[in-house]
Amino acid sequence: MKKILFVLVITGVNFCFPAGAQFTKGDRILGAGLSFQHAANESNSGFTPFSGKSTTGSISLDLGFATKESRMSGFYINGAYGKSKTEYPDQPGLNNSSENYSTGAGFFSRRYKSIGKNFLLFAEGRAGVSYSALNVSGGNSGDQATVSVQAGLYPGLSYKAGKHFLLDLRFADFASINYNHSKIKGPGDTKNVQNSFGFSSSLGLGYLQNIGIGARWIIPAGKK
């Protein structure tokens, strides 16, 4: 039993204080994402013919700074916008459209552990706040505004491709908490306020079903 505990302690120490340099102090690590989607459809096969179209787009930016050879801390910002419209030629009173946008910002810190040539395990903590708004006009007109605060911890795997790129494989959140505050305005000046708090942990059999893949650009210290 003592031997097992000794091995566990040594393993924990090695994870918390990894050997080998992944970064040079002062390096900047940049990650960005961009998406755009447009869809249009038309149906004449049912009792109520209709046509619709939608457009959505989003952008995100992560900027980290190497504070140690195996640690990176920084901030992130993101934003998204979308709109959609559905028309019923035979029943124009059912026509409706919606518009929504969201924006968020926060802080993150990531710790790395080398597990072999160019392969790194990481653990990341992330916390931030976001705001989203939805406006619906037409038959079910109304407005909704939501403020969210979230924090989470998740692990992942990185591959250092040369001196300037990190390829990331992010797993599902190990643990996360969130708080949402929403104000909803409906027809006839009706109002509704909703508050929710949640906690989740992805430790079940479906853990690997929620993963993400990305890349980061390493800007060496002193380079502009």
Side-chain angles (χ1 to χ4, degrees), residues 28-43 50-65 73-88 91-110 124-154 156 168 170 172-173 175-200 202 209-217:
R28 289 157 289 175
I29 300 90
L30 177 66
L34 177 67
S35 69
F36 176 82
Q37 183 176 359
H38 176 77
N41 59 79
E42 184 174 351
S43 175
F50 71 90
S51 63
K53 59 182 180 180
S54 63
T55 302
T56 59
S58 66
I59 187 170
S60 62
L61 176 68
D62 283 21
L63 180 59
F65 301 88
S73 298
F75 64 90
Y76 68 88
I77 56 175
N78 55 59
Y81 174 80
K83 62 179 181 180
S84 65
K85 185 176 183 180
T86 304
E87 296 180 330
Y88 300 85
Q91 301 184 53
L94 298 178
N95 293 351
N96 63 81
S97 62
S98 67
E99 186 176 22
N100 66 84
Y101 72 90
S102 65
T103 183
F107 172 84
F108 68 90
S109 183
R110 182 180 283 197
E124 179 174 320
R126 180 173 290 237
V129 60
S130 62
Y131 175 83
S132 62
L134 170 66
N135 174 261
V136 178
S137 59
N140 295 313
S141 61
D143 299 311
Q144 178 174 340
T146 302
V147 177
S148 300
V149 180
Q150 56 277 140
L153 175 67
Y154 63 82
D168 287 348
R170 170 185 166 173
D173 291 347
S176 63
I177 58 175
N178 63 81
Y179 169 77
N180 299 314
H181 174 76
S182 299
K183 292 183 178 181
I184 304 170
K185 297 180 180 180
D189 293 329
T190 59
K191 295 182 180 180
N192 187 15
V193 177
Q194 298 179 352
N195 294 288
S196 64
F197 175 82
F199 170 81
S200 63
S202 301
Q209 294 179 1
N210 183 18
I211 62 175
I213 300 174
R216 295 173 185 268
W217 180 35

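Heavy-atom basis, side chains included; hydrogens, waters and symmetry copies ignored. Along the sequence shown, residues carry numbers from 1.
With values rounded to the nearest 0.5 angstrom, Trp217 atom CH2 is found 11.0 Å from Leu63 atom CG. Atom NE2 of His38 is separated from atom NZ of Lys83 by 9.5 Å, given to the nearest 0.5 angstrom. One distance of note links OG of Ser182 with CG of Asn195; it measures 8.0 Å at 0.5 Å rounding. The CG atom of Asn78 lies 8.5 Å from the OG atom of Ser58; values are rounded to the nearest 0.5 Å. Taking CD of Gln194 as the reference point, atom CD1 of Ile184 lies at 4.0 Å (rounded to 0.5 Å). To the nearest 0.5 angstrom, Phe36 atom CZ is 7.5 Å from Thr56 atom OG1.
Residues Tyr81 and Thr55 fail the side-chain proximity criterion, which asks for heavy atoms closer than 4.5 Å. Between Asn135 and Tyr101 the shortest side-chain heavy-atom distance does not fall below 4.5 Å. Put simply, the side chain of Leu30 reaches to within 4.5 Å of the side chain of Leu61, judged on heavy atoms. In this structure, Ser130 and Gln150 have side chains that are in contact, with non-hydrogen atoms separated by less than 4.5 Å. In this structure, Ser132 and Asn100 have side chains that are not in contact, with every pair of non-hydrogen atoms separated by 4.5 Å or more. Taking the side chain as every heavy atom from C-beta outward, Tyr179 and Val147 never approach each other to under 4.5 Å.
Scanning both residues, Lys183 and Val193, for their nearest heavy atoms gives CG-CG2, 4.4 Å. Closest heavy-atom contact between Ser98 and Leu134: CB-CD1, 4.3 Å. In plain terms, the two heavy atoms of Tyr131 and Ala145 that are nearest each other are OH-CB, 3.5 Å. When all heavy atoms are compared, the tightest approach of Phe107 to Ser73 is CZ-CB, 4.0 Å.
Although no hydrogens or angles enter the test, the distance criterion places no donor-acceptor pair under 3.5 Å between the side chain of Asp143 and the main chain of Lys185.
Side-chain N/O atoms of Ser84 and Ser54 include no donor and acceptor closer than 3.5 Å.
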### Message
Checking Phe197 against Val149 for the side-chain contact (heavy atoms from CB on, under 4.5 Å) test, could you report, in this order, the C-alpha distance in whole Å, the side-chain angles of both residues, the deciding distance, and whether it holds?
### Response
CA-CA 10 Å; Phe197 175 82; Val149 180; over 6 Å; no
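For Glu87, the salt bridge (charged side-chain N to carboxylate O under 4.0 Å, His left out) partners two or more places apart in sequence, or in a different chain, are Lys85. By the side-chain contact (heavy atoms from CB on, under 4.5 Å) test, Ser196 is found to be paired with Asn180, residues two or more places apart in sequence or in another chain being considered.
For the pair Arg110 and Asp62, the salt-bridge criterion is not met [side-chain N within less than 4.0 Å of a carboxylate O].
A cation-pi arrangement, defined by a distance under 6.0 Å to the six-membered ring centre and an angle within 45 degrees of its axis, is present between Arg170 and Tyr154.
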